[in-house]
Amino acid sequence: MTAHRQPALLATDPELASLVTAEETLQARTLRLIPSENYVSAAVLEASGTVLQNKYSEGYPGRRYYEGQQNIDRVEALAIERAKGLFGVDHANVQPYSGSPANLAVYLAFAKPGDTVMGMALPMGGHLTHGWGVSATGSWFRGVQYGVRAEDGLIDYDAVRELALAERPKILFCGGTALPRTIDFEAFASIAAEAGSVLVADVAHIAGLIAGGAHPSPVPYADVVSTTTHKTLRGPRGAMLMCKEEHAKAIDKAVFPGLQGGPHNQTTAGIAVALHEAAQPSFTAYAHAVVANAKALAAALLERGFDLVSGGTDNHLILMDLTSRGVPGKVAAKALDRAGIVVNYNTVPFDPRKPFDPSGIRIGTPSLTSRGLSVDHMPAVADWISRAVDAAAKGDEPALAVIRAEVSDLLAAFPAPGLPVA
Ligand SMILES: *Cc1c(COP(=O)(O)O)cnc(C)c1O
């Protein structure tokens, strides 16, 4: 019997402690394929759970509204320097609480309510905060949206240009949450220049791939780069806004005092550690392995007759259209969950079904790659997915239980970072 990992928590609040333990077990024994998730390292976990939590630090390093910042200033300065070094940017703000508030700060910096903004439509793979109707960004601003081509699931840059020139948006967003293909930042930059728009590259999903050299960087092209820190970048839940020097003041002012109060210093510390890790050669190898695994998994799924949006992937993410298998995305996702494979149901472009009950599932390889699974394991993963989807179609619960046991067996040999060995 090993010691409990949160002894004080166990003593104070056993009910909560048992939920944390159960979550550790769940994350250890399931194949986590949600492309926006990952396993942070033990070092990132430790940094995120420190007494830095106790400190109020409104302002920026050297310019605070509270005293006692001797250490906090250095923590934030470290995170900023590391972000600048890793991504090669002039300026980095590491204070946004998460990706959505980071994007809201961009609106505050560059647009006025009612202005036109342009982004990819949510059901085409964009993000809510790129001006979609149900988001504050789509009700306070006038959102116009582009999509992908029906024939090949790819962005039609000529159509984007045409719309941008017709609408002249203040802000043009590129990037999204369900885009399996490389984003042509240079093409977006030329469109933004013609339309007179501020180009924001929202690389929340692919920041780790960019840091590791496995996806082109938007830095030479975008006015602002927005990213979360907790997806492929493998840090704590948080975000960063990076930009050219000319926009630095506007961005900083928008984050604080425009939108937020005190930064979450414990998160800033975790971000600093994650950025340090991401600057190591092992992270470059990780980023390339994520992409190699996704390509191998896509190939193995195609071999098993699955339809993949855009026919495959260039990055960490695969969008599967299950229409031809006769199983709605939600039914498949729930069956996969019972089989120990965690995915999310997702709309596919031009989905005839509703967003809460769409045709597809979205999967990705960041988490399994963090555990050390390689291309050799991807046929087995594809097989499990195929068997689970077939079992969902037939309502074959015992088949799902068999898969769950096989998944857990394989994963036992690949302990996840940050978790106790199961
Ligand atoms: C995840 C994501 C966000 C939002 O991040 P949260 O931390 O969930 O608020 C914004 N944009 C894109 C493209 C994302 O993938």
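Heads up: numbering here begins at 1 and tracks the sequence. Values below: all heavy atoms of this structure, side chains included; hydrogens, waters and symmetry mates excluded. This one's a predicted model, so the numbers in the text were calculated from it and none came from an experiment.
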Please determine whether a side-chain nitrogen of the Lys or Arg among R304 and D383 lies less than 4.0 Å from a carboxylate oxygen of the Asp or Glu.
yes
Between L322 and V331, does the side-chain contact (heavy atoms from CB on, under 4.5 Å) criterion hold? Intermediate values first, please.
CA-CA 10 Å; L322 299 177; V331 173; over 6 Å; no
Taking atom CZ of R74 as the centre, does the number of heavy atoms from other residues, nucleotides or ligands within less than 6.0 Å exceed 12?
no
Hey, could you give me the OG/CG distance between S359 and D321, rounded to the nearest 0.5 Å?
5.5 Å
Does a donor on one side chain sit under 3.5 Å from an acceptor on the other, for S41 and E277?
yes
Roughly how far, to the nearest 0.5 Å, is the OG1 atom of T232 from the CG atom of L209?
4.5 Å
Show the nearest heavy-atom pair for residues I171 and Y107, with the distance to one decimal.
CD1-CA, 3.9 Å
Classify the ring geometry of H316 against H205: parallel below 30°, tilted from 30° to 60°, perpendicular beyond 60°.
tilted
Please report the interatomic distance CD(E76) to CG(L52), rounded to the nearest 0.5 Å.
11.5 Å
Does R234 count as lying over the ring of F283, i.e. NZ or CZ under 6.0 Å from the six-ring centre, within 45 degrees of the axis?
no
Between T21 and H4, does any side-chain donor sit less than 3.5 Å from a side-chain acceptor?
yes
Pair Y286, S370: side-chain N/O donor-acceptor within cut-off below 3.5 Å
yes
Would L368 and M378 satisfy side-chain contact (heavy atoms from CB on, under 4.5 Å), going step by step from the backbone distance to the final call?
CA-CA 10 Å; L368 63 77; M378 295 307 111; 3.5 Å; yes
Do H127 and D202 pair up side chain to side chain, a donor and an acceptor below 3.5 Å, judged on atom types alone?
no
Determine, stepwise, if the pair S367 / I34 fulfils side-chain contact (heavy atoms from CB on, under 4.5 Å).
CA-CA 8 Å; S367 296; I34 294 175; over 6 Å; no
Less than 4.5 Å apart, any side-chain heavy atom of P61 and any of I80?
yes
Donor-acceptor side-chain pairing of S100 and S98 below 3.5 angstrom
no
Looking only at heavy atoms, the pair that brings A332 and V389 closest together is CB-CG2, 4.4 Å
Taking only Lys NZ, Arg NE, NH1 and NH2, and the carboxylate oxygens of Asp or Glu, determine whether R181 and D314 approach each other closer than 4.0 Å.
yes
D307/R325 salt bridge by N-O under 4.0 Å criterion:
no
Hey, can you tell me if F188 and Y146 have their rings parallel, tilted or perpendicular (30° and 60° cut-offs)?
tilted
Can you name the nearest heavy-atom pair linking A201 to F185, along with the distance?
CB-CE2, 3.9 Å
Are side-chain heavy atoms of T369 and N293 found at a separation under 4.5 Å?
yes
Should Y60 and D73 be marked as a side-chain hydrogen bond (donor to acceptor under 3.5 Å, both in side chains) after you check the CA-CA gap, both sets of side-chain angles, and the distance that decides it?
CA-CA 8 Å; Y60 290 101; D73 271 3; over 6 Å; no
Considering all heavy atoms of both residues, which atom of R353 and which atom of P328 are nearest to each other, and what is their separation?
NH2-CB, 3.5 Å
Check the pair R29 / S408 against side-chain hydrogen bond (donor to acceptor under 3.5 Å, both in side chains), numbers first and verdict last.
CA-CA 5 Å; R29 302 215 177 133; S408 169; 4.9 Å; no
Is it true that a side-chain atom of S197 and a backbone atom of P169 form a donor plus acceptor pair closer than 3.5 Å?
yes
Working to the nearest 0.5 Å, report the span between CD1 of I271 and CG of L78.
12.5 Å
Are more than 12 heavy atoms, taken from residues, nucleotides or ligands other than K334, located less than 6.0 Å from that residue's NZ atom?
no
Can you see whether E24 engages Q6 through a side-chain donor-acceptor pair at a distance of less than 3.5 angstrom?
yes
How many angstroms lie between atom CG of L336 and atom CG of L31, to the nearest 0.5 angstrom?
9.5 Å
Return the CH2 to CD1 distance between W384 and I403, rounded to the nearest 0.5 Å.
9.5 Å
Which is it for V198 and K170 under the side-chain contact (heavy atoms from CB on, under 4.5 Å) test, yes or no, and what are the steps along the way?
CA-CA 6 Å; V198 171; K170 272 272 163 55; over 6 Å; no
With Y221 via ring pair (Phe, Tyr, Trp, His ring centres under 6.0 Å) - residues at least two apart:
none
Between T177 and R362, is any pair of side-chain heavy atoms under 4.5 Å apart?
yes
Closest non-hydrogen atoms of D351 and P358, given as atom of the first, atom of the second and distance, are OD2-CB, 3.5 Å
Are the side chains of I206 and I183 in touch, meaning some heavy atoms are under 4.5 Å apart?
yes
Would you say the side chain of S217 lies within less than 4.5 Å of the side chain of F87, judging by non-hydrogen atoms?
no
Could you tell me if the side chain of L241 sits less than 4.5 Å from the side chain of V224, heavy atoms only?
yes
Hey, are D357 and K354 close enough for a salt bridge, meaning a charged N less than 4.0 Å from a carboxylate O?
no
Of all heavy-atom pairs between V219 and G88, which one has the smallest distance, and what is that distance?
CG1-O, 3.4 Å
Within a strict 4.5 Å, meaning less than it, do heavy atoms of the D390 and V327 side chains meet?
no
Any carboxylate oxygen within less than 4.0 angstrom of a Lys/Arg side-chain nitrogen, looking at D90 and K84?
no
Side chains of Y56 and N265: does their closest heavy-atom pair fall under 4.5 Å?
no
Assess whether salt bridge (charged side-chain N to carboxylate O under 4.0 Å, His left out) is satisfied between E397 and R338, documenting all intermediate values.
CA-CA 8 Å; E397 285 303 315; R338 296 199 292 283; 2.8 Å; yes
For H247, the ring pair (Phe, Tyr, Trp, His ring centres under 6.0 Å) test, sequence neighbours excluded, returns F110
Looking only at side-chain N and O atoms, does S57 offer a donor or acceptor that is under 3.5 Å from a partner on Q69?
yes
